[in-house]
Participant: 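Before I ask anything, let me first share the structure, which is written out below as structure tokens.
Read the numbers this way: they start at 1 and go in the same order the structure lists the ligands and their atoms. Please read all numbers here as calculations on a predicted model, not as lab measurements. Just so it is clear, the values below take in all heavy atoms, side chains as well, and ignore hydrogens, waters and symmetry mates.
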Amino acid sequence: MKYYDKLIFEISRPGRVGYSLPKSELTIGNSQFTIPANLLRETPAELPEVSELDVVRHYTNVSNKNFGVETGFYPLGSCTMKYNPKINEEIAHHPSFCGLHPLQNEESVQGALAIYYHTARALSELTGLADFTLTPFAGAHGELTGLMVMRQYHLLRGDTKRTRVIVPDSAHGTNPASAAVCGLEIVEVKSTANGTVDTNDLKGLLDDTIAGIMMTNPNTLGIYETQVVEIARLVHEAGGLLYYDGANLNPMLGASRPGDMGFDIMHINLHKTFSTPHGGGGPGSGPVGVAAHLVDCLPNPRVVKEENGKFKIQHSESACGRVAAFMGNFGVVMKAYTYILSLGKDIKHVGPIATLNANYVKESLRDAYYLPVDTVCKHEFVFDGLADKSTGVTTLDIAKRLLDYGYHAPTIYFPLLFHQSIMIEPTETESKETLDDFIDIMHRVAEEALSDPDMVKSAPHTTPVRRLDETTAAKNPLIKYRDLN
Ligand SMILES: *Cc1c(COP(=O)(O)O)cnc(C)c1O
């Protein structure tokens, strides 16, 4: 092990210091301020004792082990890992905004409220829905909020029987989870062989206990639900509402709008489509948009524009409740607003280019990887392992081998419809040269699987750690430094 690969505690030496602090000048009255004895710790904190240079080297080396969109291609399907322009960060970090306090009065935060209001207007324009709340903190939180809106709509009408929600078998795992958290019962609708919702199966499920259906379009296989208008008609006729999981709205930007398809409620992940860095726990933002007849059910507080042009924070009795402190993750909203304004009308190219890139990669690799649903995809597509399965090289092996070549693995073993899913989403921000290199490497791995399967099965070979015991890591995680020794 290289010296700087050690833990910071392991390079610690008693008495070594990496800082020097000035003597405290705080006084109370005439005497020097000292921390009261009862607040002092009894034994010194166990902190690493290292020089400034060692600290800098340690963290620089640790950060170099990290992989992100800015280190290399990150084709993680369903996650839209695209480049997040630096201008977004710069604007969001402007002291005029990041110095705001959430308890400031309305009068003094008119600029921030204007940004909140105009971001909601822009999202309405892009999605064809009447209004948005920007307060939910993430995609799954947006789903929960949207389902609370759905439930509130039925309750306000006295329609208390509607406690079940339909979710396709191909849905993102958060959909049934959010429905369960909202206290709704989940009913699964089947997919047809070509990967879309089976409308015949759906017809049999619709009755007066159905609150609505949750869908993604294009769905988790990257396939457009061509029957969506018919599905909307069926669900509406049965008295239900349509929820759209717009976590990755990428393929839709400039191409199609959920509101026009007949959806009543949707969420968007600003930290996917609208270019906020994500992974590692946020911060994110999952705005929820609704059609006109549901605006009164949106959670409190809402930002409205009064006739005199002033912005106001409004609370309503008919709201489905409150889902976040204050106005949500305002910094993320600022990044999304900057992204939308900096692209301007060019935002209409996002969807088509994301779609072109995905189809280019799919068509270039289908000779070596098995394509279970053979159709034009949208922003992402799914292979079911290698075309030649005789060597026993699995999707996991391919994902691990890609790490040796400096690529992040695609999403694997999801969706659950296939046994060896490899889900690839290139996004619109990659150049043709990057895609060509990735295609090249994927072909090389497929060849290695035939010529030297054991080498692929034992990959990765060049990463700081090799194959981890992922089951034990998940079931019995040792997360304290002590436990590792
Ligand atoms: C990412 C994603 C979600 C969940 O979003 P989080 O911000 O991680 O909660 C939901 N649905 C789909 C389709 C997604 O891709």
Participant: Please name all residues satisfying side chain to side chain donor-acceptor pair (under 3.5 Å) with N84, sequence neighbours left out, ordered by chain then number.
Facilitator: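 Expected list: none.
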
Participant: Would you say that more than 12 heavy atoms from the other residues, nucleotides or ligands in this model lie under 6.0 Å from the NE2 of H93, or not?
Facilitator: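 Incorrect, the count does not exceed 12.
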
Participant: Name the orientation class of the two ring planes belonging to Y117 and F311 (parallel below 30°, tilted from 30 to 60°, perpendicular beyond 60°).
Facilitator: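 It falls in the tilted class, 30° to 60°.
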
Participant: Would you mind listing which atoms of ligand 1 come within a distance below 4.0 Å of any non-hydrogen atom of A247?
Facilitator: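 In order of number, 2 (C), 3 (C), 10 (C), 11 (N), 12 (C), 13 (C), 14 (C), 15 (O).
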
Participant: Taking only heavy atoms of S78, which atoms of ligand 1 are found under 4.0 Å from at least one of them?
Facilitator: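 Every atom of ligand 1 under 4.0 Å from some heavy atom of S78: 14 (C), 15 (O).
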
Participant: Does the protein place any heavy atom closer than 4.0 Å to atom 5 (O) of ligand 1?
Facilitator: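 There is a protein heavy atom less than 4.0 Å from atom 5 (O) of ligand 1.
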
Participant: Can you tell me which portion of H271 lies within the under-4.0 Å heavy-atom range of ligand 1? Options are side chain, backbone, both, or neither.
Facilitator: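 The answer is the side chain.
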
Participant: Taking 4.0 angstrom as the limit and counting only heavy atoms of A138, give me the atoms of ligand 1 inside it, by number and element.
Facilitator: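 Near A138, the atoms of ligand 1 are 7 (O), 9 (O).
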
Participant: Hey, does H141 sit under 4.0 Å from ligand 1 if you only count heavy atoms?
Facilitator: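 Judged by the 4.0 Å heavy-atom criterion, H141 does not count as contacting ligand 1.
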
Participant: E143 heavy atoms, cut-off 4.0 Å: which ligand 1 atoms fall inside?
Facilitator: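 This gives 10 (C), 11 (N) as the contact atoms.
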
Participant: Heavy-atom pairs closer than 4.0 Å: do any link ligand 1 to the side chain of K272, the backbone, both, or neither?
Facilitator: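 The answer is the side chain.
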
Participant: Is D245 close to ligand 1, meaning an N/O of one under 3.5 Å from an N/O of the other?
Facilitator: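 Yes, D245 has an N/O under 3.5 Å of an N/O on ligand 1.
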
Participant: Begin with the C-alpha distance, continue with both residues' side-chain angles, and end with the deciding distance and a verdict on salt bridge (Lys or Arg N to Asp or Glu O under 4.0 Å) for D404 and R401.
Facilitator: CA-CA 5 Å; D404 284 333; R401 183 64 181 143; 2.6 Å; yes

Participant: Does only the side chain of N248 get under 4.0 Å from ligand 1, or the backbone, or both, or neither? Count heavy atoms.
Facilitator: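 Looking at N248 and ligand 1, just side chain atoms fall under 4.0 Å.
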
Participant: Where does the angle between the aromatic ring planes of F414 and H172 fall among parallel (under 30°), tilted (30 to 60°) and perpendicular (over 60°)?
Facilitator: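 The rings of F414 and H172 stand perpendicular, inter-plane angle above 60°.
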
Participant: Answer side chain, backbone, both or neither: which part of A140 comes under 4.0 Å from ligand 1, heavy atoms only.
Facilitator: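 It is both parts that get close, each with some atom under 4.0 Å.
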
Participant: Do V235 and I166 come close enough that some side-chain heavy atom pair is under 4.5 Å?
Facilitator: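 Counting from C-beta outward, V235 and I166 never come under 4.5 Å.
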
Participant: Kindly write out the residues that satisfy side chain to side chain donor-acceptor pair (under 3.5 Å) with K161, not counting sequence neighbours, or none if the list is empty.
Facilitator: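 Per chain and number, K161 pairs via side chain to side chain donor-acceptor pair (under 3.5 Å) with D208.
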
Participant: Per the side chain to side chain contact (heavy atoms under 4.5 Å, CB included) rule, which among S191, S421, P415 passes with L221?
Facilitator: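 It is P415, the one option of S191, S421, P415 that forms the side chain to side chain contact (heavy atoms under 4.5 Å, CB included) with L221.
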
Participant: State which residue, out of N250, T273, T427, fulfils the side-chain hydrogen bond (donor to acceptor under 3.5 Å, both in side chains) condition with K82.
Facilitator: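 Exactly one option meets the side-chain hydrogen bond (donor to acceptor under 3.5 Å, both in side chains) with K82, and it is N250.
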
Participant: Take every heavy atom of N269, measure it against each atom of ligand 1, and state whether any distance is under 4.0 Å.
Facilitator: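 Flag set, N269 near ligand 1.
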
Participant: Students should be able to answer this: which protein heavy-atom is nearest to atom 3 (C) of ligand 1, and at what distance?
Facilitator: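 So the nearest neighbour among protein heavy atoms is H172 CE1, 3.5 Å.
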
